[in-house]
Colleague: 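Can you keep this structure in mind? I'll have questions shortly.
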Number of protein chains: 2
Amino acid sequence: MMPLSVKLNPAISEAAEVLEKAVRSRRFVVAVGDCRVDYEGRASSTLDWGDRVTMIKQDGSVLVHRPVGYEPVNWQPPRCLVKVSIEDPGALVITASRNQPRETISIEFREITLLATGNLHDPGEFALHVTEEQMKRAILTAPELVEEGLKPLEAEKSLGEAGFTDIYAEDNRGNLVVVEIKRNAATKDAVLQLQRYLETLRTTVGRPIRGIVAAPQLRKGAQPLLESLRLEFVMVPPEKCFMVLKSRRDMKLSYFLT
Amino acid sequence: MMPLSVKLNPAISEAAEVLEKAVRSRRFVVAVGDCRVDYEGRASSTLDWGDRVTMIKQDGSVLVHRPVGYEPVNWQPPRCLVKVSIEDPGALVITASRNQPRETISIEFREITLLATGNLHDPGEFALHVTEEQMKRAILTAPELVEEGLKPLEAEKSLGEAGFTDIYAEDNRGNLVVVEIKRNAATKDAVLQLQRYLETLRTTVGRPIRGIVAAPQLRKGAQPLLESLRLEFVMVPPEKCFMVLKSRRDMKLSYFLT
DNA sequence: CCTTTCAGTTAGTTA
DNA sequence: TAACTAAGTGAAAGG
């Protein structure tokens with residue numbers, strides 16, 4: 001990778017110079033130091049003096065991280081305008097703003113311990129397996145994951161106002177079946193969503209319709225609701241979906257190999 | 001602040017030593033380098049080689065940031081177990097795992113450009129203003145934000161199964177009023193939630209009941225639903241709430257000062 | 001500990 | 001661009 005420019009305990013004026021240049025040429029910045037942060041936008045916040053890690057990313061994202069916790073305490077999303085200035089002598093201020101919504105954070109440093117800037121080269125592909133989308137593909141590929149004899153008619157049937165069903169199918173006794181897929185334990189909300197789909201469909205379709213929640217698990221609180229609405233739950237473990245997708249990939253592979 | 005220990009382009013073995021010690025004594029770690037990441041847990045993911053910034057926080061959180069985007073590409077929440085090991089010579093691996101749910105990420109470095117460790121001292125207080133809670137307090141303080149003559153009866157009236165209303169009030173014609181507050185543009189969901197409250201209330205209360213969504217804005221898609229359910233929308237800008245809370249704070253202050 | 005709800009949610013997809 | 005929905009959502013509050 002390209003070498004980083006690293007300054008230890010730079011003077012505020014020197015830090016400003018380096019930062020200014022890095023921001024202008026859209027380089028990555030990591031700054032560790034004693035700062036305070038103000039935010040004004042959808043809400044507003046203040047954060048008093050303390051040691052934090054600030055990152056300015058190559059797309060203009062700005063993140064301020066405290067020494068604990070998963071989330072940044074303050075931030076600005078990609079494509080914001082970053083400016084560097086010296087307000088008082090001895091006070092370096094980074095301002096990051098965007099419109100729509102109009103938001104600004106300003107980070108004021110009174111001491112910078114570490115300032116590293118450089119170009120990070122990251123071409124690596126990221127792949128996340130078994131999302132809800134993939135569960136749907138798996139069920140469309142192998143409907144027996146939900147029920148033997150299930151025949152998918154449409155994925156994502158539109159119901160106008162009410163939204164989209166995950167899977168719209170037919171069982172082997174001629175009932176229509178709406179399948180609502182969740183990759184996590186299904187909540188009441190999932191059950192209510194399915195119910196809304198069914199209500200909408202029943203106003204336009206004369207045939208009997210079943211509603212099935214397909215998920216790895218059903219939340220305790222969702223069980224009574226499910227029963228009272230006469231809906232069904234089928235456990236579909238993500239691993240099985242993964243196997244289906246994997247075997248499909250393997251088939252494809254063998255198809256190309258033979 | 002306590003000085004950072006900073007290594008530039010350390011050998012993998014030296015980096016492992018420094019990291020191991022830092023993790024053991026729960027110090028903050030920032031590492032910039034060429035790595036790949038695997039994750040296995042609720043889902044699973046792989047990330048190929050590239051330059052990233054990895055932080056290990058003092059509470060055990062682990063974050064891997066690509067050079068773009070707000071979110072970490074991989075992470076582990078606070079209180080996970082972090083281990084450092086050398087797998088192949090020239091390959092440093094950081095493993096972070098937790099139970100409940102059982103999850104692991106492993107970060108394999110083949111090159112480390114910058115390794116900084118130290119104790120960050122961050123006592124600064126963080127204050128976020130005008131949350132939904134504060135909007136509620138503002139409306140309870142100044143009900144005219146919603147409607148002239150509105151008299152709050154209860155905040156958070158419990159409706160059993162159906163949840164809690166934000167504000168339960170009475171208008172100047174003797175109607176009951178349920179106010180649903182959103183700090184952002186109100187969605188269909190907000191309208192449906194309000195509708196559920198009203199349905200529940202109407203089974204037990206004989207008086208006419210109005211339902212009002214109080215929010216800075218109403219989402220377009222929520223408008224027809226609102227009308228069809230005969231509910232109302234009142235625009236309540238967060239700035240006005242902020243002013244009400246501010247003036248209340250000022251009053252309190254003057255109360256203490258006089 | 002489990003469940004519910006909110007978030008300055010962010011991010012992705014589609015009309 | 002706006003709206004809608006999922007997320008390895010995370011975090012807080014309540015039972």
Colleague: Of all the nucleotides listed (dC2(C), dA11(D), dG8(C)), which has the minimum atom distance to the side chain of Q100(B)?
Modeller: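 The answer is dC2(C), which lies nearest to the side chain.
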Colleague: Taking the minimum atom-to-atom distance to the side chain of Y70(A), which one of dG8(D), dG10(D), dA6(D) wins?
Modeller: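 Closest nucleotide to the Y70(A) side chain: dG10(D).
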Colleague: Could you state the interatomic distance from CE (M135(B)) to CD1 (I167(B)), rounded to the nearest 0.5 Å?
Modeller: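 Taking CE in M135(B) and CD1 in I167(B), the distance rounds to 9.5 Å.
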Colleague: Quick one: is dA3(D) close enough that its OP1 or OP2 comes under 4.0 Å of any side-chain N or O from K220(B)?
Modeller: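 For K220(B), the contact criterion (side-chain N or O under 4.0 Å from OP1 or OP2 of dA3(D)) is met.
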Colleague: Select one nucleotide: of dG8(C), dA2(D), dG10(D), the one nearest the side-chain heavy atoms of I105(A).
Modeller: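 Between dG8(C), dA2(D), dG10(D), the one nearest the side chain of I105(A) would be dG8(C).
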Colleague: Side chains of E108(A) and S106(A): any donor to acceptor distance under 3.5 Å?
Modeller: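 Short answer, no.
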Colleague: Considering Watson-Crick and G-U wobble pairs with both distances under 3.5 Å, what does dG8(C) pair with?
Modeller: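 With both distances under 3.5 Å required, dG8(C) matches none.
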Colleague: I want to check one thing: is the phosphate of dT10(C), taken as OP1 and OP2, less than 4.0 Å away from some side-chain N or O of W75(A)?
Modeller: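 True: W75(A) side-chain N/O within range (under 4.0 Å) of dT10(C) OP1/OP2.
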Colleague: Are there more than 12 heavy atoms of other residues, nucleotides or ligands under 6.0 Å from atom CZ of R102(B)?
Modeller: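 Yes, the 6.0 Å shell around CZ holds more than 12 heavy atoms from other groups.
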Colleague: Taking atom P in both dT4(C) and dG8(C), what distance in whole Å separates the two?
Modeller: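 Rounded to whole Å, the distance is 22 Å.
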Colleague: Do S61(B) and D59(B) get their side chains close enough for a donor-acceptor pair, meaning under 3.5 Å?
Modeller: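 The answer is yes; a qualifying pair exists.
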Colleague: Establish whether the base of dG8(D) is bridged to the side chain of Q76(B) by a donor-acceptor pair shorter than 3.5 Å.
Modeller: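 Answer yes: a donor N or O sits under 3.5 Å from an acceptor.
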Colleague: Would you indicate which nucleotide in dC4(D), dG10(D), dG8(C) comes nearest to any side-chain atom of R219(B)?
Modeller: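 Output: dC4(D).
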Colleague: Establish, with yes or no, whether the OP1 or OP2 oxygen of dT10(C) is under 4.0 angstrom from a side-chain nitrogen or oxygen of R42(A).
Modeller: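 For dT10(C), OP1 or OP2 has a side-chain N or O of R42(A) closer than 4.0 Å.
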Colleague: Looking for any heavy atom pair under 4.0 Å, which part of the strands does E133(A) touch: base, sugar-phosphate only, or nothing?
Modeller: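 No contact at all - E133(A) keeps every heavy atom at 4.0 Å or more from the nucleic acid.
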Colleague: Could you give the CG-to-P distance, from L128(B) to dG10(D), as a whole number of Å?
Modeller: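 In whole Å, dG10(D) P and L128(B) CG are 20 Å from each other.
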Colleague: Taking 4.0 Å as the cut-off, does a side-chain nitrogen or oxygen of N184(A) come that near to OP1 or OP2 on dG8(D)?
Modeller: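 For dG8(D), OP1/OP2 do not have a side-chain N/O of N184(A) under 4.0 Å.
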Colleague: For E180(A) and Y197(A), test the side chains for any donor-to-acceptor distance below 3.5 angstrom and give the result as yes or no.
Modeller: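 Absent: no donor and acceptor within the cut-off.
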Colleague: Compare every heavy atom of S45(B) with every heavy atom of L128(A), then report the nearest pair and how far apart it is.
Modeller: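 Scanning both residues completely, I find the closest heavy atoms to be CD1-CB, 3.8 Å.
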Colleague: Considering only dA11(D), dG8(C), dA6(D), which nucleotide approaches the side chain of Q193(A) most closely?
Modeller: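 The answer is dA6(D), which lies nearest to the side chain.
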Colleague: Could you check S44(A) against D189(A) and say which one's nearest nucleotide on DNA chain C is further toward the 5' end?
Modeller: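 Checking each residue's closest nucleotide, the 5'-ward one belongs to D189(A).
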Colleague: Measure from the side chain of K188(B), starting at C-beta and using heavy atoms only, and say which of dT3(C), dA7(D), dC4(D) lies closest.
Modeller: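 Nearest nucleotide to the side chain: dC4(D).
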Colleague: Taking dA7(D) as the reference, what is the distance to dA11(D) when you measure between their C1' atoms (whole Å, please)?
Modeller: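 Their C1' atoms lie roughly 14 Å apart.
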Colleague: For the C1' atoms, the ones on dA7(C) and on dA6(D), what distance do you get once it is rounded to whole angstrom?
Modeller: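 Looking at atom C1' only, dA7(C) and dA6(D) are 15 Å apart.
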Colleague: Is it the case that dG8(D) (base atoms only) and N74(B) (side chain only) share a donor and an acceptor within less than 3.5 Å, ignoring hydrogens and angles?
Modeller: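 Flag set: donor-acceptor pair detected.
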Colleague: Would you say dC6(C) has OP1 or OP2 under 4.0 Å from some side-chain N or O of K182(B)?
Modeller: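 Yes.
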Colleague: Measure the distance from CZ on F242(B) to C1' on dG8(C) and round it to the nearest whole Å.
Modeller: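 So the two atoms are 14 Å apart, to the nearest Å.
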Colleague: Between dT5(D) and dT9(D), how far apart are the two C1' atoms, rounded to whole Å?
Modeller: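 Going atom to atom, C1' in each nucleotide, I get 12 Å.
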Colleague: For a quick check of understanding: with a heavy-atom distance under 4.0 Å over all strands, which category does Y39(B) fall into, base, sugar-phosphate or nothing?
Modeller: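 Base: the residue Y39(B), judged by heavy atoms under 4.0 Å, touches a nucleobase.
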Colleague: Can you find a donor-acceptor N/O pair under 3.5 angstrom joining the side chain of E71(A) to the base of dG10(D)?
Modeller: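 There is none.
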